[in-house]
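Counting convention: from 1, in listed order, for ligands and their atoms alike.
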Amino acid sequence: MAGKSHTMTDRGYLTQVQYLTDANLVARQSIYAYQRPRIDLVETVLDLAALTGAETVADVGCGNGMYLAGLARRGHRGRVLGLDLSVGMLQAASGRAPGAALVNADAARLPLADGQADVTLAMHMLYHVPDKQAAARELRRITRPGGTVLVVLNDDDHQLQLRQLLASAAADIGMTVDPLYGWGLDAAPAGIRLGGGAELLATVFAVVQRHDFASELRVPDPQPALDYLRSMRLTQASGDPDRLLAAVAARLPAGPFTITTHCGCLICR
Ligand SMILES: C[S@@+](CC[C@H](N)C(=O)[O-])C[C@H]1O[C@@H](n2cnc3c(N)ncnc32)[C@H](O)[C@@H]1O
């Protein structure tokens, strides 16, 4: 299982495998159709941003453009920039947000001037940046004084049942996986969750406000959970995803399965 430890932050894995296209992300986004109560995270976060519609918005790690599309739906008039490490993700974003300027960039070294953005988004992406402190400083640097940075991260109990299931299935076939961090102890420092994110951002911003969003996925049968697990870094890094997923399938109940969801938005000023 060579290379299994650092897939969370490994540039080659992120740009050439996990986010080569948006297929893995789409597989994970799809499972939210089963969320009850449903939380529309894009709309909720954009509401928290309290936009007038005229701001310059930078979406760092924009992925396949869900937030860029949300801004377009709202008729946002200001300049919109989507930045991502993966060219494939930017291609996917271009279909969703034709009005946005898309830039291939690393969050730890953003090609933007100081104070260029009024509002900066970093949604579900800090997990992947090796130097998270540098990324936090960059988010602050590119945002004008008085502007707002919104960071979304998962909390520790997010999809814990799925990760525990994966760990138990892995143990069934002689693999060892930490349900929170991954394969091997040296993977742990790469992880960041909501609480750690709030602490990190408080070293860079004067004010960090935390908003939690907790709900459940009620999947009716095993297939959505298996599709989701197949898209995950933890599964792909196992060295034998098919065998691991067969072990998961043997443990999944034939009927409904409930999975906790818990993420939060950190509003930084
Ligand atoms: C989980 S996806 C989230 C996408 C989007 N923000 C969303 O919430 O739908 C993480 C994204 O971060 C990007 N990414 C990973 N490392 C990055 C880095 N160092 N700088 C910029 N983007 C990065 C990935 O290519 C991927 O598109």
**Q** Could you tell me the residue and atom name of the protein heavy atom closest to atom 5 (C) of ligand 1, and the distance to it rounded to 0.1 Å?
**A**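 Ranking protein heavy atoms by distance from atom 5 (C) of ligand 1, first comes G61 O, 3.4 Å.
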**Q** Hey, what's the ring geometry for H128 with Y19, parallel, tilted or perpendicular (30° and 60° as the breaks)?
**A**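 Correct class here is perpendicular.
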**Q** Side chain, backbone, both or neither: which applies to A135 and ligand 1 if a contact is any heavy-atom pair less than 4.0 Å apart?
**A**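 Looking at A135 and ligand 1, no heavy atom falls under 4.0 Å.
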**Q** Would you mind running through ligand 1 and noting each atom that sits below 4.0 Å from a heavy atom of D106?
**A**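 Answer for ligand 1: 18 (C), 19 (N), 20 (N).
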**Q** Considering heavy atoms of the protein only, find what lies nearest to atom 12 (O) of ligand 1 and give residue, atom and distance to 0.1 Å.
**A**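 Closest protein heavy atom to atom 12 (O) of ligand 1: M125 CB, 3.6 Å.
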**Q** Mind checking whether T9 and K132 have side chains closer than 4.5 Å, heavy atoms only?
**A**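 T9 reaches K132 side chain to side chain.
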**Q** Please write down residue, atom name and distance for the protein heavy atom closest to atom 9 (O) of ligand 1.
**A**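 Nearest neighbour among protein heavy atoms for atom 9 (O) of ligand 1, to 0.1 Å: Q29 NE2, 3.8 Å.
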**Q** Could an N or O of ligand 1 be found under 3.5 Å from any N or O of A107, whether backbone or side chain?
**A**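 Such a contact does occur with ligand 1.
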**Q** Between D212 and H262, do the side chains contain a donor N or O and an acceptor N or O under 3.5 Å apart?
**A**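 Yes.
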**Q** How long is the gap from CD1 on I259 to CG on L160, to the nearest 0.5 Å?
**A**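 I259 CD1 to L160 CG: 11.0 Å, rounded to 0.5 Å.
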**Q** Which bit of A105 is near ligand 1, meaning a heavy atom under 4.0 Å away: side chain, backbone, both or neither?
**A**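 For A105, only backbone atoms sit under 4.0 Å from ligand 1.
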**Q** Considering only protein heavy atoms, which is closest to atom 10 (C) of ligand 1, and at what distance to one decimal place?
**A**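 In this structure, atom 10 (C) of ligand 1 has H124 O, 3.5 Å as its nearest protein heavy atom.
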**Q** Tell me yes or no: between the side chains of N64 and Q29, is some donor less than 3.5 Å from an acceptor?
**A**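 Result is yes, a qualifying pair exists.
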**Q** Within the 4.5 Å heavy-atom criterion, are C268 and T148 side-chain neighbours or not?
**A**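 When only atoms from C-beta onward are counted, T148 and C268 do not touch, as no gap falls below 4.5 Å.
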**Q** When rounded to the nearest 0.5 angstrom, what distance separates CG in D157 from CD in Q161?
**A**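 Going from CG on D157 over to CD on Q161, the span is 8.5 Å.
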**Q** Would you call C62 a ligand 1 contact, heavy-atom distance under 4.0 Å?
**A**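 True for this residue.
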**Q** Taking the side chain as every heavy atom from C-beta outward, state whether R140 and T120 have any atom pair closer than 4.5 Å.
**A**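 They are not in side-chain contact.
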**Q** Check each heavy atom of M123 against ligand 1 and say whether those closer than 4.0 Å belong to the side chain, the backbone, both or neither.
**A**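 Both backbone and side chain of M123 come within 4.0 Å of ligand 1.
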**Q** Charged N to carboxylate O below 4.0 Å: is that the case for R11 and D106?
**A**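 Salt bridge flag = yes for D106 with R11.
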**Q** Tell me: protein heavy atom nearest atom 22 (N) of ligand 1, and distance?
**A**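 Looking only at protein heavy atoms, the one closest to atom 22 (N) of ligand 1 is L85 N, 3.3 Å.
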**Q** Tell me, please: is Y127 in heavy-atom contact with ligand 1, that is, under 4.0 Å?
**A**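 For ligand 1, residue contact (heavy atoms, under 4.0 Å) with Y127 is absent.
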**Q** Considering heavy atoms of the protein only, find what lies nearest to atom 15 (C) of ligand 1 and give residue, atom and distance to 0.1 Å.
**A**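 Answer, as residue, atom name and distance: H128 CB, 3.5 Å.
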**Q** Give the atom numbers and elements of ligand 1 that come within less than 4.0 Å of a heavy atom of G63.
**A**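 Under 4.0 Å from G63, ligand 1 has these atoms: 4 (C), 27 (O).
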**Q** Name the closest protein heavy atom to atom 2 (S) of ligand 1, giving the residue it belongs to and the distance to 0.1 Å.
**A**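 Checking every protein heavy atom, the shortest distance to atom 2 (S) of ligand 1 gives Y19 OH, 3.6 Å.
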**Q** Which protein non-hydrogen atom lies closest to atom 27 (O) of ligand 1, naming both residue and atom, and how far is it?
**A**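 So the nearest neighbour among protein heavy atoms is D84 OD2, 2.7 Å.
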**Q** Side chains of Q236 and Y13: do they bring a donor and an acceptor to under 3.5 Å?
**A**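 Q236 vs Y13: donor-acceptor pair found between side chains.
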